[in-house]
Amino acid sequence: MKFFVDTADVKEIQELNDLGLVDGVTTNPSLIMKSGGKILDVTRQICEIVKGPVSAEVTATDYEGMMKEAKVLMKIADNIAIKVPLTLDGLKACKAIRSDGRMVNVTLCFSATQALLAAKAGASFISPFVGRIDDMAEEGMEIVSEIRTIYDNYDFKTEILAASIRSVNHVKQAALIGADIATVPPATLKALVKHPLTDKGLATFLEDWKKTGQHIG
Ligand code: E4P
């Protein structure tokens, strides 16, 4: 499973990229707002760090407006994936952008049938929002599982990008289901490494090693 990092914080992206944990990045208007930067500057800086797909979202809601914004965003770098909302205009824009050979991430997906439409529009990525479905007292991962089945039934090449990931357990469940990618907030990505028995075991090894009086090298 590939890991995308779900942030527009350039410092955090740099740190995680240096650790070798980043296969791509997803941003959205809320994340750009949190970064405090200008969308074109921030996205350009991210593309200088990360070689994999970097999602940049359009804010227009009509087809013409989306295409106009997509053209501006696509100029930032070749690894930009244009993020469009899962609406009829978004799907039309998806089809048009894909026919130009550029990547598209169809976002704000909350049902398997929406995901089916995105695949038929040729989306590179479909983003089911797991955490936001959980917030509605429903099971977000069920949608990911349904999409996996439907895409495999018809051999759709659209990659499932589990989004709105809120916990380590979400990452594990997405991996078990076979999501192609999880887009994960930086803190959750770092939390994947944590286990109390790893810390305890390491402390014991270091104590015992000290008692031997040995040094390596
Ligand atoms: C995905 O591309 C979105 O940016 C993100 O995962 C949304 O997550 P949230 O529901 O935590 O805002």
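Computed from heavy atoms alone, side chains included, the values below leave out hydrogens, waters and symmetry copies. Just follow the structure's listing: the first ligand is 1, and inside any ligand the first atom is 1.
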Top protein contact for atom 8 (O) of ligand 1, by heavy-atom distance: Ser164 CA, 3.4 Å
Shortest non-hydrogen separation from Ser164 to Val130 and the atoms involved: CB-N, 3.8 Å
Closest approach of any protein heavy atom to atom 5 (C) of ligand 1, naming residue and atom: Asp6 OD2, 2.9 Å
Taking every non-hydrogen atom, the tightest pair across Ala8 and Ile46: CA-CD1, 4.1 Å
Proximal atoms of ligand 1 relative to Arg132 (non-hydrogen, under 4.0 Å): 7 (C), 9 (P), 10 (O), 12 (O)
Short side-chain donor-acceptor distance under 3.5 Å, Gln14 and Asp18: yes
Residues in ring pair (Phe, Tyr, Trp, His ring centres under 6.0 Å) contact with Phe110, at least two apart in sequence or another chain: Phe129
Heavy-atom donor-acceptor pair, Thr43 side chain to Leu40 backbone, under 3.5 Å: no
Minimum-distance protein heavy atom relative to atom 4 (O) of ligand 1: Asn28 ND2, 2.7 Å
Thr26 neighbourhood, listing ligand 1 atoms whose heavy-atom distance to it stays under 4.0 Å: 2 (O)
Polar atom proximity, Arg166 to ligand 1 (N or O, under 3.5 Å): yes
Any residue meeting side chain to side chain donor-acceptor pair (under 3.5 Å) with Asp208, in chain and number order, not counting sequence neighbours: Lys211
Step-by-step salt bridge (charged side-chain N to carboxylate O under 4.0 Å, His left out) determination, Asp135 to Arg166: CA-CA 11 Å; Asp135 291 344; Arg166 307 261 171 86; 3.0 Å; yes
For Phe129, atoms of ligand 1 separated by under 4.0 Å from a heavy atom: 1 (C), 3 (C), 7 (C)
Per-atom contacts of ligand 1 with Ala163, taking only distances under 4.0 Å to non-hydrogen atoms: 1 (C), 6 (O)
Residue Lys83 vicinity, atoms of ligand 1 by number, heavy atom under 4.0 Å: 1 (C), 2 (O), 3 (C), 4 (O)
